[in-house]
Amino acid sequence: MKHLSLFKKLSAFAIATTAAIAFNSAMAATGTITAPVDRIMFDNDLYGACVAHFPAHNPKSVLPGCADNWITFDCDAQFNDENKAYEMFSLVQMAFALNKRVRITFTDEQTHNGWCVAKRVQLLP
């Protein structure tokens with residue numbers, strides 16, 4: 001009888017754990033925008049240090065958990081590797097200088113002051 005009770009408890013724990021993981025995964029999402037960059041900014045103290053502004057395609061319209069129009073590249077390395085963050089930001093700076101578009105994948109799981117964090121950047125022709 002004790003073994004059956006223990007089995008029920010373990011089963012309930014497994015179900016609860018699986019549900020918690022699934023719920024957490026469902027809450028954190030990724031989104032993608034393809035857009036030109038109209039502003040870039042570097043800040044020592046806020047926003048993950050390096051950010052870009054996308055007026056044509058608001059990240060918030062893709063992921064409501066994101067703040068309006070800006071995406072951070074996390075150059076202060078709170079979520080991304082510092083070198084990779086600067087490389088992503090370099091591609092965005094190049095797009096800004098050349099008046100090109102970028103395709104950015106970002107997540108609302110990680111934010112700086114509400115601004116979602118980029119995970120992938122592609123410079124487009």
Side-chain angles (χ1 to χ4, degrees):
M1 194 70 142
K2 287 184 181 181
H3 294 291
L4 185 56
S5 178
L6 179 60
F7 179 75
K8 285 183 180 179
K9 288 179 182 177
L10 287 174
S11 295
F13 177 75
I15 290 169
T17 303
T18 302
I21 291 169
F23 179 75
N24 193 28
S25 296
M27 294 300 292
T30 59
T32 301
I33 60 169
T34 301
V37 183
D38 80 328
R39 285 185 270 170
I40 52 178
M41 178 175 67
F42 196 90
D43 188 292
N44 276 336
D45 301 316
L46 299 172
Y47 317 116
C50 54
V51 295
H53 188 258
F54 302 93
H57 292 84
N58 190 350
K60 187 177 185 112
S61 68
V62 178
L63 293 178
C66 297
D68 280 333
N69 296 100
W70 293 87
I71 293 177
T72 178
F73 299 88
D74 189 42
C75 292
D76 68 1
Q78 188 173 356
F79 304 114
N80 287 331
D81 173 79
E82 184 177 21
N83 291 329
K84 291 177 184 175
Y86 276 102
E87 289 297 326
M88 286 191 291
F89 191 57
S90 291
L91 284 175
V92 171
Q93 290 173 313
M94 187 182 307
F96 178 74
L98 298 174
N99 200 27
K100 299 286 185 180
R101 296 175 310 137
V102 289
R103 180 172 295 131
I104 299 180
T105 301
F106 52 95
T107 181
D108 65 357
E109 179 180 21
Q110 301 163 333
T111 63
H112 285 285
N113 306 96
W115 294 353
C116 287
V117 175
K119 292 299 177 186
R120 181 175 190 255
V121 176
Q122 180 181 6
L123 180 63
L124 300 174

So, do [X] and [Y] sit near enough that their side-chain heavy atoms are less than 4.5 Å apart?
X	Y	answer
Ile33	Asn58	no
Asp76	Asp74	yes
Val37	Val102	yes
Met94	Leu123	yes
Lys119	Gln110	yes
Phe73	Lys84	no
Thr32	Arg120	no

Query raised in the report: Relative to each other, are the rings of Phe42 and Phe89 parallel, tilted or perpendicular (30° and 60° limits)?
Result: tilted

Query raised in the report: Can a donor-acceptor pair be found between the side chains of Thr30 and Thr107 at a distance below 3.5 Å?
Result: no

Query raised in the report: Using a distance-only test with no angle check, is there a side-chain donor-acceptor pair under 3.5 angstrom linking Thr34 and Arg103?
Result: yes

Measure the [atom1]-[atom2] distance between [X] and [Y] for me, rounded to the nearest 0.5 Å.
X	Y	atom1	atom2	answer
Met88	Asn83	CE	CG	11.0 Å
His57	Arg101	NE2	CZ	8.5 Å
Asp68	Trp115	CG	CH2	10.5 Å
Asn44	Cys50	CG	SG	11.5 Å

Is there a continuous path of hydrophobic side-chain contacts, each under 4.5 Å between heavy atoms, that joins [X] to [Y]?
X	Y	result
Trp70	Val121	no
Ile40	Ile104	yes
Val51	Val62	no
Tyr47	Phe106	no
Ile71	Leu63	yes

Atom of [X], atom of [Y] and distance for their closest heavy-atom approach:
X	Y	value
Lys60	Cys66	CG-O, 3.3 Å
Gly48	Thr72	CA-OG1, 3.7 Å
Ala56	Pro36	CB-CD, 4.2 Å

Query raised in the report: Does the Asp108 side chain pair with the main chain of Ala29, one donor and one acceptor, at a distance under 3.5 Å?
Result: yes

Query raised in the report: Is it the case that more than 12 heavy atoms not belonging to Asn99 sit under 6.0 Å from its CG atom?
Result: no

